[in-house]
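In what follows, every heavy atom counts, from backbone to side chain, and hydrogens, waters and symmetry copies are set aside. Chain letters run A, B, ... following the sequence lines, proteins first, then strands; residues in each count from 1.
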Amino acid sequence: MKPTAFEYVRAGSLDEVLTVLEERGDEAKVLAGGQSLIPTMNMRFAAPEVLIDISGVTELRGIEVRDDVLRIGAMCRHVEVLNAPEVAEHAPLIAMAMPNIAHAAIRNRGTFGGSLCHADPAAELPACVLALDARLNIDGKSGPRSISARDFFLGTYMTCLADDEVLISVDVPKVMSENVTFFDEVARRRGDYAMAGLASQATVRSGFITDVRLAFFAVGEVAVRAPHAEQALQGILLQDMDADAICSAIADDISPFDDLTTSGAAKLTMMQVLTRRAVESFAKQGAHA
Amino acid sequence: MTGPLAITITINGEPATRAVEPRLSLADFLRAEGFTGTHVGCEHGVCGACTIRVDGRTARGCLTLAVQCDGLEVETIEGATGNGCVADLQDAFIENNALQCGFCTPGMLLTADELLQENVSPTRTEIREHLSGNYCRCTGYQAIVDAVEQVARQRAERT
Ligand SMILES: Cc1cc2nc3c(=O)[nH]c(=O)nc-3n(C[C@H](O)[C@H](O)[C@H](O)COP(=O)(O)OP(=O)(O)OC[C@H]3O[C@@H](n4cnc5c(N)ncnc54)[C@H](O)[C@@H]3O)c2cc1C
Ligand code: FES
Ligand code: FES
């Protein structure tokens, strides 16, 4: 199908984006890569009156290595993040996730920020920024603010962004030598949205595992951390990690519901399989650390 | 204003200045310009029939607006055929029966060519994974993977 008619504004600067958003409010939508917004408009699930193309706004571009964080511009295309040596070095979890996002032609246009703002429950990047405790830098009519990934996602396709706000960039804490990371998902084919997935990071010090973050996706309304399972790993000696106990704790954290293709029960099993793989991988990585 | 906007897109090396409605997709724009090798199937990004190149990289013609491509270079299967960059793939597709109706073929060729530019000796799994966003309803994919694998070998021998 074709979208309904709309106005198109190609913004030359961040100021211009914010001015149009302030004037047009909820009639307007930001257009980044268009790889989620345009299909929704083609299917007429969305019919914004104005699209503000942000692809030319320099403030939203680029990947920058800072003191403690890697700053990824909202308008960085998936392919740029996938190929960036800075991302592989400082945010390996994101580098591991990238090849799983859609197909090459879609990664050539879709953006890092667009994926976060779209907040698809099955998307990889919301889980990654949750697991990494990243901060999202936002600007709008009431001024700039920075918010933790934990507070950004509100539900399926819902974030805390106001109608007049734009995501500018994401600050991802740089990985440290004592970190262990794991990413995996179950999907029917490479590039399809996952049926269940896990993005995780932890810290290993003197053989003990701490600061465990397990962020699951495609199992609920939005990517979620699993606090009971994290607790079951917290402070444990690597060789004493008990995969059975952790897997049973997951059932206390999340009861996935059925979606179009996969039952909740199957998703729970997939989450437990992924968790076992994570525990094995942590043990291996920790042994080398 | 939802009315037409003036844009210039370089299609296969030739600049075209046109007034287009913002909602016109790049795929529909190209077809109206006579480049009907850009096929339109699902119109929501899943089938890959509309694959073209924008500034040298593959993109979905159905998920890109013509107005977004103002000032950019677009290459269609007609352009890629004209400059010969996919000639070996085209020969291998015919030789291996890697097409029947041909609806998916332009997108398959451009997508396969992008893979071979980035990875000179892909495994069969890598070929399948790279082509996973392009649907073929006729061949069952096996012959397509055979053809791409054959061209990878030929290109490696040539260099
Ligand atoms: C066939 C297909 C398969 C896919 N598979 C996957 C997959 O496996 N995993 C996955 O994660 N994704 C997948 N995607 C989605 C893809 O990753 C998109 O690129 C991404 O979800 C949205 O990014 P975008 O830049 O295209 O955003 P757009 O489509 O331009 O925008 C999406 C939404 O975010 C808003 N927005 C965008 N940028 C900003 C900003 N800076 N500030 C405020 N609001 C903003 C827009 O207004 C819109 O509401 C798939 C898409 C397709 C078509
Ligand atoms: S028509 Fe564009 S992907 Fe199907
Ligand atoms: S040859 Fe008919 S769809 Fe592929």
| Per-residue contacts, residues 53-90 of chain B versus chain A, heavy atoms under 4.5 Å | V54(B), R57(B), T58(B), A59(B), R60(B), C62(B), L63(B), T64(B), L65(B), V67(B), Q68(B), C69(B), D70(B)
| Residues which pass side chain to side chain donor-acceptor pair (under 3.5 Å) with D146(B), listed by chain and number, not counting sequence neighbours | R124(B)
| said: So which atom in P22(B) and which in Y8(A) form the shortest heavy-atom distance, rounded to 0.1 Å? | reply: CB-CB, 3.7 Å
| How long is the gap from CZ on R23(B) to CG on N42(A), to the nearest 0.5 Å? | 11.0 Å
| V50(A) versus chain B, the contacting section by heavy-atom distance below 4.5 Å | neither
| Among E118(B), E21(B), E129(B), who wins on heavy-atom pairs under 4.5 Å with chain A? | E129(B)
| Given side chains that start at C-beta, do those of E43(B) and K2(A) come closer than 4.5 Å, heavy atoms only? | yes
| task | Look at L131(B), L110(B), L24(B), D28(B) and state which one has the largest set of heavy-atom pairs under 4.5 Å with chain A. | result | D28(B)
| With only heavy atoms counted, which part of T4(A) is less than 4.5 Å from chain B, the side chain, the backbone, both or neither? | backbone
| request: Against chain B, work out which of L37(A), V9(A), L31(A) has the most heavy-atom pairs shorter than 4.5 Å and name it. | output: L31(A)
| chain B contacts, top residue of R107(A), M43(A), R10(A) (heavy-atom pairs, under 4.5 Å) | R10(A)
| Could you go step by step and tell me if H103(A) and T111(B) meet the side chain to side chain contact (heavy atoms under 4.5 Å, CB included) rule? | CA-CA 10 Å; H103(A) 314 285; T111(B) 306; over 6 Å; no
| task | Mind checking the OG-CZ spacing from S132(B) to R188(A)? Nearest 0.5 Å is all I need. | result | 14.0 Å
